[in-house]
Amino acid sequence: MTVESTTARTPRRSTRSKTGTTGTKTAGARSRAGTRKSSGTRKSADPELVQLLTPEGKRVKNAEYDTYVAGITAEELRGLYRDMVLTRRFDAEATSLQRQGELGLWASLLGQEAAQIGSGRALRDDDYVFPTYREHGVAWCRGVDPVNLLGMFRGVNNGGWDPNSNNFHLYTIVIGSQTLHATGYAMGVAKDGADSAVIAYFGDGASSQGDVAESFTYSAVYNAPVVFFCQNNQWAISEPTEKQTRVPLYQRARGFGFPGVRVDGNDVLACLAVTKWALERARGGEGPTLVEAYTYRMGAHTTSDDPTRYRSEEERLAWEAKDPILRLRRHLETAHRTDEKFFADIEAESEALGKRVREAVRSMPDPDGFAIFENVYADGHALVDEERAQFAAYQASFADAEGV
């Protein structure tokens, strides 16, 4: 298996490192492993990446990353499968609830389950996560109740969970800003002398934001213990990756002086291994890493989007054949003799989760439609008062229509 990566500069020795190594050997070996150039665009049918499970579910060897999953048991693999199935079922229920008018908006993770579950299960309890608004699978791994994710999308709260209880920050809607938050937090972790790590999730579209570039600069200069996990799902809403970058995204790390690696984002085992490697680098005082999980957004960007207007059905079907859940199921069936009862039990559990989420959302209060006008100005404003009155008249018109 060919692996492309960037070569890391030799980082400063850190007083936090227990081993005193710099990680240069690992990064250098990864750089030498690359033998074929990849365009990094959607036109590349077979990009070079770290892969441990093929789409057919066959286990392939990788000299650099096998060690990070060498001890994984069949039971743990079944646990990863359960995580992905339940996350997908919750996501599907949330999409349905939005279509029924119970949620104002929803950002689906369909197709990205392996990237999120693999990386999420690589984390230690004391690591800290800075998500975007689509990391429902990572939230699941951190023990956040799925129901708590939905209050914000219904408009009844600003998040619904305590970030410090699960070391999982509130969802960030502003594109790319969480990478700055993660970098600053990681710099604080380093100054505190802790050996935990920080991970920041973002998409390929966010990689074009200045906040992300600034995060790369500061994390490199200060040798911050942070992993930048980019889920390259090929589309920034309707903008394809090749219109955003001239090189594969992971190669951008080279210009900032730290290693980058591209992993098969539909391979949960590879995502687990690569993220473990990157987190260990961070905890050992070797600084930041950029992980590009090469995956695909099977659904719409959000429920307000229509992907059929800008991408082909052929493309979607090609990626559907690489489905992350089906891939692991095939591996469990062939390599670990997992019987049909296990899969049926998981399916039943997923349906129960969907029912619980549906009932919980429908029992939530309706959002206060007038809350948007509060706290705009400390002392009020005539224009806001006028807009509030207009909205009230608009709302009243529905009641008048029903009474006719």
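Remember, it's a predicted structure, so these values are computed and weren't measured experimentally.
Using modelled atom types, no side-chain atom of T132 and backbone atom of I175 make a donor-acceptor pair closer than 3.5 Å. With hydrogens and angles ignored, the 3.5 Å screen pairs a side-chain donor or acceptor of Q116 with a backbone N or O of G137. Between the S312 side chain and the E315 main chain, a donor and an acceptor come within less than 3.5 Å of each other. Under the 3.5 Å distance criterion, the side-chain polar atoms of Y310 are matched with a main-chain donor or acceptor of I237. No donor-acceptor pair under 3.5 Å is formed between the side chain of R254 and the backbone N or O of G260. Judged by distance alone, the side chain of E76 and the main-chain N or O of T73 form a donor-acceptor pair under 3.5 Å. With hydrogens and angles disregarded, no donor-acceptor distance shorter than 3.5 Å links the side chain of S350 to the backbone of R89. At least one donor-acceptor pair under 3.5 Å links the side chain of T245 to the backbone N or O of V247.
Contact annotation: the side chain of I199 never approaches that of D127 to less than 4.5 Å [non-hydrogen atoms, C-beta and beyond]. Side-chain contact check for V50 versus R262: every heavy-atom pair is 4.5 Å or farther apart. Annotation: side chain of L123 is not in contact with side chain of C141 (no heavy-atom distance under 4.5 Å). Between D211 and S177 there is a side-chain heavy-atom pair separated by less than 4.5 Å. Under the 4.5 Å side-chain criterion, counting only non-hydrogen atoms from C-beta, R356 is in contact with D145. Side-chain contact between V226 and F130 is absent, with no heavy-atom pair separated by less than 4.5 Å. Using a 4.5 Å cut-off on side-chain heavy atoms (C-beta onward), R311 and Y296 make contact. Using a 4.5 Å cut-off on side-chain heavy atoms (C-beta onward), D339 and F342 make contact.
When the options R88, R329, R316 are evaluated for a salt bridge (Lys or Arg N to Asp or Glu O under 4.0 Å) with D323, the one that passes is R88. Partner of Y201 under the ring-ring contact (aromatic ring centres under 6.0 Å, His included) criterion, out of Y128, F228, F229, Y133: F229 alone. Of the candidates E292, Q244, Q231, D204 forms a side-chain contact (heavy atoms from CB on, under 4.5 Å) with just one, namely Q244.
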Is there a salt bridge (charged side-chain N to carboxylate O under 4.0 Å, His left out) between E93 and K355? Walk through the geometry before answering.
CA-CA 8 Å; E93 190 63 41; K355 180 181 179 181; over 6 Å; no

Given the rule in the side chain to side chain donor-acceptor pair (under 3.5 Å) test, do T338 and R78 qualify, once you have shown the distances and angles that lead to the verdict?
CA-CA 9 Å; T338 302; R78 294 185 186 102; 3.2 Å; yes

May I have the step-by-step check of side chain to side chain donor-acceptor pair (under 3.5 Å) for T275 and S119, ending in yes or no?
CA-CA 5 Å; T275 309; S119 60; 4.9 Å; no

Pair Y171, W106 - check ring pair (Phe, Tyr, Trp, His ring centres under 6.0 Å), show working.
CA-CA 12 Å; Y171 275 3; W106 183 248; 7.9 Å; no

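Closest approach of E113 to P324, counting heavy atoms only: OE1-CG, 3.7 Å. In plain terms, the two heavy atoms of R59 and L269 that are nearest each other are NE-CD2, 3.6 Å. Here the shortest heavy-atom pairing between D91 and A107 reads OD1-O, 4.1 Å. In this structure, A224 and M187 approach most closely via the heavy-atom pair CB-CG, 4.1 Å. Taking each heavy atom of T54 and R327 in turn, the nearest pair found is O-CG, 3.0 Å. Residue A114 comes nearest to V268 through the heavy atom pair CB-N, 3.6 Å, listed as atom of the first residue, atom of the second, then distance.
K276 has no carboxylate O lying under 4.0 Å from a charged side-chain N of E280, or vice versa, which leaves the two without a salt bridge. In summary, R388 and D385 engage in a salt bridge, as defined by a charged side-chain N under 4.0 Å from a carboxylate O. Classification of D126 and R283 as a salt-bridged pair fails, no side-chain N sitting under 4.0 Å from a carboxylate O.
In this structure, CG on L326 lies 13.5 Å from NE2 on H331, to the nearest 0.5 angstrom.
In this structure, Y65 and W277 have perpendicular ring planes: the angle between them is above 60°, well past the 30° mark. Below 30°, between 30° and 60°, or above 60°: for F391 and Y394 the angle between ring planes is between 30° and 60°, a tilted geometry.
Between T295 and N232, the side chains place no donor N or O within less than 3.5 Å of an acceptor N or O (distance only, hydrogens not considered).
Annotation: I173, atom CD1; neighbour count of heavy atoms from other residues, nucleotides and ligands within 6.0 Å is above 12.
A cation-pi geometry, defined here as NZ or CZ lying under 6.0 Å from the six-membered ring centre and within 45° of its normal, does not hold between R252 and F216.
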For a quick test of your reading: what N or O donor-acceptor pairs under 3.5 Å do the side chains of residues 154-162 make, sequence neighbours left out?
{"from": "R154", "atom 1": "NE", "to": "P365", "atom 2": "O", "distance (Å)": "3.0"}
{"from": "R154", "atom 1": "NH1", "to": "E102", "atom 2": "O", "distance (Å)": "2.8"}
{"from": "R154", "atom 1": "NH1", "to": "E102", "atom 2": "OE1", "distance (Å)": "2.9"}
{"from": "R154", "atom 1": "NH2", "to": "M364", "atom 2": "O", "distance (Å)": "3.3"}
{"from": "R154", "atom 1": "NH2", "to": "D366", "atom 2": "OD1", "distance (Å)": "3.1"}
{"from": "N157", "atom 1": "OD1", "to": "M152", "atom 2": "N", "distance (Å)": "3.1"}
{"from": "N157", "atom 1": "OD1", "to": "G159", "atom 2": "N", "distance (Å)": "3.0"}
{"from": "W161", "atom 1": "NE1", "to": "F168", "atom 2": "O", "distance (Å)": "3.0"}
{"from": "D162", "atom 1": "OD1", "to": "N164", "atom 2": "N", "distance (Å)": "3.1"}
{"from": "D162", "atom 1": "OD2", "to": "S165", "atom 2": "OG", "distance (Å)": "3.2"}

